[in-house]
Amino acid sequence: MAASGLNTALLVIDMQKDFIYGPMHVKGGEAIVPNVIKAVEVARSRSIPVIWVVREHDPLGRDVELWRRHFYSADKPKPAAKGSVGAELVEGLVIKDDDYKLVKTRFSAFFNTHLHSYLQGAGVNKLVITGVQTPNCIRQTVFDAVALDYHSVTVIVDATAAATPDIHNANMIDMKNIGVGTPTLKEWCKI
């Protein structure tokens, strides 16, 4: 955890309308929106770069995991299809000119993306993570960051969410057990 932006980046993962309100609704997602907004504000005030990690899929589902392709057939919702309203960030979250947008098609923000090389080039070795969904995109990104030897990986516990509090808490325990920081937003803001 860091008091300033030196070597730190904030990842905001999948805070898109389809995941917060739409067909891929994460039940705990709506409740964390204010905390994610606050985390972004704090990051910007500390000169911590904000990286928006979003899913954007081909409207025909050609780049979607096999087990999700049924969502992209005719008469289906086509979650996070590129250019759709559902792929947009929720109200209150805005990508600014100095921010960075990274598109992914799988759970981990590192899988088949250039995130690691981007972070290395920016001198980032500490990550702070917010967003949804804890057992999938948050967890996979965190475990990959740990495997890639980031010096510090922090998940803001009340700026991340899962379908249920039990699922969220179990995954937070797993991440904490591998050395990941798990402060509340209030605790992180004081650092």
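The structure presented is a predicted model; accordingly, all values stated were derived computationally and were not measured.
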Q: With sequence neighbours excluded, what pairs up with K17 under the salt bridge (Lys or Arg N to Asp or Glu O under 4.0 Å) test?
A: E88, E91
Q: Taking E187 for the side chain and T184 for the main chain, is one N or O donor matched with an acceptor at less than 3.5 Å?
A: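 Flag set: sc E187 to bb T184 pair under 3.5 Å.
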Q: Spell out, yes or no, whether L185 and I138 are grouped together once hydrophobic residues are joined by side-chain heavy atoms under 4.5 Å, including indirect joins.
A: no
Q: Please report the closest heavy-atom contact between V146 and I178, naming both atoms and the distance.
A: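 Looks like CG2-CD1, 3.9 Å.
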Q: Please tell me whether I37 and Y100 are part of a single hydrophobic cluster in this structure, the criterion being side-chain heavy atoms less than 4.5 Å apart.
A: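 Looking at the clustering, Y100 is in a separate group from I37.
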Q: Residues in ring-ring contact (aromatic ring centres under 6.0 Å, His included) with Y21, at least two apart?
A: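 Listed in chain order: nothing, the list is empty.
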Q: Would you say I167 and M172 are hydrophobically clustered, going by side-chain heavy atoms of ILVMFWY under 4.5 Å?
A: no
Q: D174 and F143: which non-hydrogen atoms are nearest, and at how many Å?
A: O-CZ, 4.5 Å
Q: Who are the ring-ring contact (aromatic ring centres under 6.0 Å, His included) partners of H116, not counting sequence neighbours?
A: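 ring-ring contact (aromatic ring centres under 6.0 Å, His included) list for H116, sorted by chain: Y150.
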Q: Do E56 and K101 pass the salt bridge (charged side-chain N to carboxylate O under 4.0 Å, His left out) test, and can you show the C-alpha distance, the side-chain angles, and the key distance before you say yes or no?
A: CA-CA 11 Å; E56 286 184 2; K101 178 182 172 183; 2.7 Å; yes
Q: Keeping the roles fixed (side chain from H151, backbone from N7), state whether a donor-acceptor pair exists under 3.5 Å.
A: no
Q: Check the surroundings of atom CG in D98: do more than 12 heavy atoms from other residues, nucleotides or ligands lie under 6.0 Å from it?
A: no
Q: If you define the side chain from C-beta out and look only at heavy atoms, does anything of I13 sit under 4.5 Å from K104?
A: yes
Q: Provide the closest heavy-atom pair for H25 versus I20 in the form atom of the first, atom of the second, distance.
A: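 Closest approach of H25 to I20, heavy atoms only: CD2-O, 2.7 Å.
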Q: State whether a side-chain donor-acceptor pair under 3.5 Å links D144 with S108.
A: yes
Q: Hydrophobic clustering (ILVMFWY, side-chain heavy atoms < 4.5 Å, transitive) - are L10 and W52 grouped together?
A: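 W52 clusters together with L10.
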Q: For the residue pair A43 and W188, what are the closest heavy atoms and their distance?
A: N-CH2, 4.2 Å
Q: So if you build clusters from Ile, Leu, Val, Met, Phe, Trp, Tyr with side-chain heavy-atom gaps below 4.5 Å, do L11 and V128 land together?
A: no
Q: If you compare all heavy atoms of T130 against all heavy atoms of A39, which two are closest, and at what distance to 0.1 Å?
A: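 Between these two residues, the closest heavy atoms are CG2-CB, 4.1 Å.
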Q: Considering all heavy atoms of both residues, which atom of L127 and which atom of A145 are nearest to each other, and what is their separation?
A: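 Nearest pair, atom of L127 first, then A145: CD1-CB, 3.8 Å.
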Q: If we only count heavy atoms from C-beta on, is the Q133 to F107 side-chain gap below 4.5 Å?
A: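 Of all side-chain heavy-atom pairs linking F107 with Q133, none is under 4.5 Å.
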Q: Look only at the side chain of D99 and the backbone of I95, and say whether a donor-acceptor pair between them is shorter than 3.5 Å.
A: no
Q: Salt bridge check: are E65 and R68 linked by an N-O gap of less than 4.0 Å?
A: yes
Q: Within the structure provided, determine whether T141 and F110 are in side-chain contact (heavy-atom separation under 4.5 Å).
A: yes
